[in-house]
Amino acid sequence: MPELPEVEVVRRGLARWVTGARVVDVEVLHPRPVRRHEPGAADFAARLSGRTVTDVVRRGKFLWLALDSGEALMAHLGMSGQLVLQPRDAADERHLRVRLGLELPDGSDGPSRSDRSGERQERELRFVDQRMFGGLWVSPLVPTPDGLPAGAGGLGDVAAPGGGTPSEPLVPPAVVHIARDVLDPAFDVVGFAARLRTRRTGLKRALLDQTLVSGIGNIYADEALWRSRLHYARRTRTLPRSATLGLLGHVRDVMVAALGEGGTSFDSLYVDVNGSSGYFDRSLAVYGQEGRPCPRCGALVRRDAFMNRSSFTCPRCQPTPRTAHW
DNA sequence: ATTACCGCCTGCTGGC
DNA sequence: TGCCAGCAGGCGGTAA
């Protein structure tokens with residue numbers, strides 16, 4: 001499933017290749033992925049046709065293409081979504097849901113192709129999604145409540161200080177309640193620590209709460225907790241501030257490491273959600289490793305049912321707290 | 001207001 | 001061989 005680093009890799013690819021592109025046609029092949037566009041598929045297509053992409057922005061796992069109309073094409077990859085840039089004559093993918101015909105800006109011939117110059121190159125931006133948890137919709141943009149840039153935008157490496165171009169202080173309403181993520185320069189570590197202490201819940205529930213910090217899914221939650229030697233049911237209220245800061249550092253480290261792998265694995269926008277991209281081949285200490293030895297101490301990794309999902313822990317490094325908060 | 005849980009989706013896997 | 005339960009899980013909606 002696409003996690004934050006994969007979404008950021010997609011964002012960078014889009015920023016590079018489709019900034020300045022103009023939408024020439026739109027085809028919705030399945031209604032479900034545009035369900036969040038309430039006026040319907042025809043209106044969705046009409047609002048995109050003829051528009052030019054001015055920026056590509058991400059907050060958490062929400063991604064959007066800012067348009068010269070002042071609106072934005074929103075995208076969420078959900079569990080199995082992909083955004084791929086293809087030649088117009090490429091065969092349809094099995095789970096192709098939406099197709100946007102694009103005219104690339106002058107001087108760009110798109111990824112992995114260098115054919116004749118002099119005329120604008122056409123490509124298709126395709127939304128492919130097997131399970132359709134994700135989707136596309138067109139949305140207005142509203143000012144960010146804090147007046148700061150919306151998230152990761154422009155070209156460059158947001159994880160590197162000074163890298164990237166600040167995005168405009170505009171967000172889609174659907175994203176206003178989504179917290180910034182740990183790769184966002186405007187992420188407020190101190191504010192997060194303070195809010196965590198007011199919560200009456202367990203640590204992993206808090207990490208997965210997108211209104212506290214965004215972009216953390218099941219995999220990164222488990223990996224960061226393992227690195228921090230913390231159990232998922234540890235009460236947030238009892239966590240010392242230093243441990244909170246350490247945990248956030250581990251979240252950032254594991255994401256930046258994945259970003260480094262993912263960012264060098266693709267020369268197109270294709271991200272293989274089934275894991276053969278090299279991204280998921282990265283070593284996971286505990287996630288999905290039930291019954292295998294903990295890389296740190298050798299105890300066998302345990303799998304617990306948690307929130308209708310799974311949590312993987314090392315029973316020795318991450319003992320169950322005596323006062324657990326499930 | 002805060003917290004917890006359900007259901008949406010499809011394809012693959014394993015047990016019988 | 002076929003059938004079906006279980007599983008993957010982010011997020012919006014809703015109940016308590």
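Owing to the predicted nature of the structure, the values given are computational and were not obtained by experimental measurement. Naming convention: chains lettered A, B, ... in sequence-line order (proteins, then strands); numbering from 1 in each chain.
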More than 12 heavy atoms of other groups within 6.0 Å of R35(A) CZ: yes
R303(A) side chain to S310(A) side chain, donor-acceptor N/O pair below 3.5 angstrom: yes
Residue pair E103(A) / Q121(A), side-chain donor-acceptor N/O under 3.5 Å: no
Aromatic plane relationship, F192(A) with F187(A) - under 30° parallel, 30 to 60° tilted, over 60° perpendicular: tilted
Sugar-phosphate only, base, or nothing, as touched by D129(A) at under 4.0 Å among non-hydrogen atoms: nothing
Nearest-nucleotide 5' precedence on DNA chain C, I178(A) against R303(A): R303(A)
Short side-chain N/O contact from T201(A) to OP1 or OP2 of dA4(B), under 4.0 Å: yes
Sugar-phosphate only, base, or nothing, as touched by F306(A) at under 4.0 Å among non-hydrogen atoms: nothing
Hydrophobic cluster (4.5 angstrom, side-chain heavy atoms) - remaining members for V176(A): V57(A), F62(A), W64(A), M74(A), W137(A), L141(A), V142(A), L170(A), V171(A), V175(A), I178(A)
Residues from residues 209-218 of chain A lying under 4.0 Å of DNA chain C - heavy atoms: Q210(A), G217(A), N218(A)
Below 4.0 Å: OP1/OP2 of dG12(C) and any side-chain N or O of R36(A): yes
Letter per nucleotide, 5' to 3', of nucleotides 10-15 of chain B [B base touched, S only sugar-phosphate touched, - untouched; heavy atoms, 4.0 Å]: BS----
Closest-nucleotide ordering on DNA chain C, the 5'-leading residue of H76(A) and S310(A): S310(A)
Side-chain donor-acceptor pairs under 3.5 Å in residues 319-326 of chain A, sequence neighbours left out?
unit_1  : atom_1 : unit_2  : atom_2 : d
H325(A) : NE2    : R200(A) : O      : 3.2

Residue-phosphate contact under 4.0 Å: R205(A) side-chain N/O, dC5(B) OP1/OP2: yes
Qualifying residues under side chain to side chain contact (heavy atoms under 4.5 Å, CB included), relative to K61(A), sequence neighbours excluded: E3(A), V7(A), H76(A)
Flag for Y232(A)-D222(A): side-chain donor and acceptor within less than 3.5 Å: no
Neighbours of DNA chain C within residues 319-326 of chain A, by heavy-atom distance under 4.0 Å: none
Between S80(A) and D129(A), a side-chain donor and acceptor under 3.5 Å: yes
